[in-house]
Amino acid sequence: MINNNSRVLTSIALMSVSTILSVNSTANEYSFEYSVQGGYEYNDNIGLRSEDEIDVSGGVITAPATLTIRSERLETSLIGELTSAKYDDSDFDSDDQNLEGRTQYLLERGELTGYAGYKRDSTRTSEFLDTGIVGLRATRVEHATAGGSVDYMFTEKNGLVAGVDYLDRDYDSPLQTDFDNISGYAGWRHQQTERTSLRLQVIAARYENDANLQVTSDSVGAQVGFDSELSEALNVFLLVGWVNVDTDYSANASSIVTTPDDDSNDVFQMNGSLVYRQERNELSLEVSSGTRATGSGTLDESHRLNLSYNFRWTEGSRLRLALVGGKNSSLDSDVDDDRDYARGRIGVDYRIAESWYLGGTYTYSYQDRQRADGDADSNQIDLSLIFRPDRHVWSR
């Protein structure tokens, strides 16, 4: 378990700087873009509690920025974001940071990608898609991520795909459990037609929590699927398969008198997406089913759907719609921790002057946790003023 996150920050910085320096002699384009958004937020049940609801209102300031360097083969981006939220109930205040580096290198017959990131936010923002537990106050959550992938064609028709992803999450809240998770895949890709490729791959993962009752889950399985550009506007991707998950329990403290029996499960795995793009419209649909690392203390089985739609009616104004819904449950049948959730959002950005926008968003959230007394929902309204200048591009 990674506990010293300063080392993670140092690694990200070193990776980003070394990558930028490596392309310095051949880079021909630089770009920098940023925005500053400040506004008002109201939420009538910020903790998504089924009783004793807490409503808050206050101000939120967000400042994202991206530096990108491109050469003939290499593209490197350093992405950062600062967010400060202050409410009339100070227990939910937070100052958050997010830093991520991404690199893509084009090979003669494929590409290499890599990333590393570190994010500090709170249960108020992180936990809706995970445990759903915010608590009576927003408490710190730290995420460290890293990974990479390769897609290389040995011949015109056949090639190799492989990748690895690592996640370490630390909570200041006793309501969640620290964990780390590493997953990877390796397989064969066959270019069936100019627009369609087939894939067969093996997958493996390990989940470990950091608790008095230690849980270790090892997963091994396989997937098969395809990726197809059905038209210039429509792309479809789908992978389906199964994994076998072996879970071991062990006591790390004398207070744990008995431990659950070790467990084994077979779990259906699916990842799919559909993307439809036109000049002024973009529709994206993502579905997933399978194992997922969470702060609940055990590896969960998750089913999720994401739907988003963007419509640009003028050069600087757009409508945004988003919907996410799903169900989480523990793989261990002796653990009652089922959760159903859904969140819908509608937002508008309207340009009022060059680089200046007015934004408004309404968000409805719902969850039903088996361990809670009943279901809960919330309504949130955000009003903001946004300064978003054009991206600055220059060459060397």
Side-chain angles (χ1 to χ4, degrees), residues 8 11-33 66-79 99-118 144-167 182-205 221-239 241 269 271-275 277 284 286 391 393-396:
V8 178
S11 299
I12 297 171
L14 290 175
M15 183 196 76
S16 303
V17 171
S18 62
T19 306
I20 289 172
L21 290 177
S22 68
V23 303
N24 192 47
S25 60
T26 58
N28 55 23
E29 182 182 279
Y30 301 78
S31 65
F32 179 72
E33 56 184 325
T66 302
L67 172 65
T68 302
I69 298 179
R70 294 184 180 89
S71 65
E72 183 179 357
R73 290 182 176 271
L74 188 62
E75 179 175 320
T76 299
S77 296
L78 185 61
I79 306 161
L99 179 66
E100 184 176 15
R102 290 188 171 272
T103 297
Q104 178 185 42
Y105 183 76
L106 297 180
L107 305 170
E108 291 291 341
R109 294 183 174 181
E111 66 177 21
L112 292 169
T113 64
Y115 70 91
Y118 174 69
T145 58
S149 65
V150 58
D151 185 340
Y152 184 76
M153 301 297 291
F154 292 106
T155 68
E156 184 178 346
K157 291 289 188 179
N158 298 286
L160 166 74
V161 290
V164 63
D165 297 281
Y166 176 77
L167 168 63
I182 185 168
S183 61
Y185 66 91
W188 164 72
R189 183 164 75 88
H190 175 69
Q191 196 67 35
Q192 181 74 12
T193 67
E194 183 179 353
R195 292 191 171 189
T196 301
S197 64
L198 309 179
R199 179 184 294 196
L200 174 65
Q201 64 186 34
V202 294
I203 53 179
Q223 287 180 306
V224 62
F226 70 95
D227 188 346
S228 181
E229 294 182 17
L230 299 181
S231 68
E232 293 184 0
L234 183 61
N235 181 273
V236 177
F237 169 78
L238 181 65
L239 280 175
Q269 296 278 130
N271 301 94
S273 67
L274 182 150
V275 179
R277 293 188 181 94
S284 175
E286 296 180 357
R391 184 178 62 159
V393 180
W394 70 100
S395 300
R396 192 180 67 82

For a side chain to side chain contact (heavy atoms under 4.5 Å, CB included) check, start with the C-alpha distance between V275 and F237, then their side-chain angles and the critical distance, and finish with the verdict. CA-CA 9 Å; V275 179; F237 169 78; over 6 Å; no
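- Judged by distance alone, the side chain of R199 and the main-chain N or O of R189 form no donor-acceptor pair under 3.5 Å.
- Within the cation-pi definition used here (under 6.0 Å to the ring centroid, within 45° of the axis), R109 does not qualify as a partner of Y152.
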Steps toward side chain to side chain contact (heavy atoms under 4.5 Å, CB included) verdict (E29, E75): CA-CA 10 Å; E29 182 182 279; E75 179 175 320; over 6 Å; no
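- In terms of heavy atoms, L107 sits closest to R73 at C-NH1, 3.5 Å.
- The main-chain N or O of N28 is found under 3.5 Å from a side-chain atom of S395 such that the two form a donor-acceptor pair.
- Scanning all heavy atoms of the two residues, the minimum distance from Y185 to S149 falls at OH-CB, 3.6 Å.
- For A222, the side chain to side chain contact (heavy atoms under 4.5 Å, CB included) test picks out no residue, with sequence neighbours left out.
- Without hydrogens or angle criteria, E229 side chain to S231 main chain gives no donor-acceptor distance under 3.5 Å.
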Worked verdict on L99 versus L78 for side chain to side chain contact (heavy atoms under 4.5 Å, CB included): CA-CA 7 Å; L99 179 66; L78 185 61; 3.8 Å; yes
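- Closest approach of L160 and F154 over heavy atoms only: CB-CE1, 3.5 Å.
- Considering all non-hydrogen atoms of both residues, S31 and V393 come closest at CB-CG2, 4.0 Å.
- R195 CZ: more than 12 foreign heavy atoms inside a 6.0 Å radius.
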Output, in order, the C-alpha distance, side-chain angles, deciding distance and verdict of side chain to side chain contact (heavy atoms under 4.5 Å, CB included) for T68 and R391. CA-CA 11 Å; T68 302; R391 184 178 62 159; over 6 Å; no
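- From L167, atom CG reaches atom OG of S183 across 9.0 Å, with rounding to the nearest 0.5 Å.
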Q104 and E111: side-chain hydrogen bond (donor to acceptor under 3.5 Å, both in side chains), yes or no, with the steps? CA-CA 7 Å; Q104 178 185 42; E111 66 177 21; 2.7 Å; yes
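- L234 is listed as a side-chain neighbour of L274, based on a closest heavy-atom distance under 4.5 Å.
- A search for salt bridge (Lys or Arg N to Asp or Glu O under 4.0 Å) contacts involving D227 returns nothing, not counting sequence neighbours.
- To the nearest 0.5 Å, the span separating CG on L239 from CZ on F226 amounts to 9.5 Å.
- Across all their heavy atoms, Q191 and E156 have their closest contact at CB-O, 4.1 Å.
- From T193, atom OG1 reaches atom CG of L198 across 8.5 Å, with rounding to the nearest 0.5 Å.
- One distance of note links CG of L106 with CD of E108; it measures 10.0 Å at 0.5 Å rounding.
- I79 CD1 to T66 OG1: the interatomic distance, rounded to the nearest 0.5 Å, is 5.0 Å.
- With rounding to the nearest 0.5 Å, the separation of CG in L67 from OG1 in T76 is 9.5 Å.
- Annotation for Y166 and Y115: closest pair N-OH, 4.3 Å, computed over non-hydrogen atoms.
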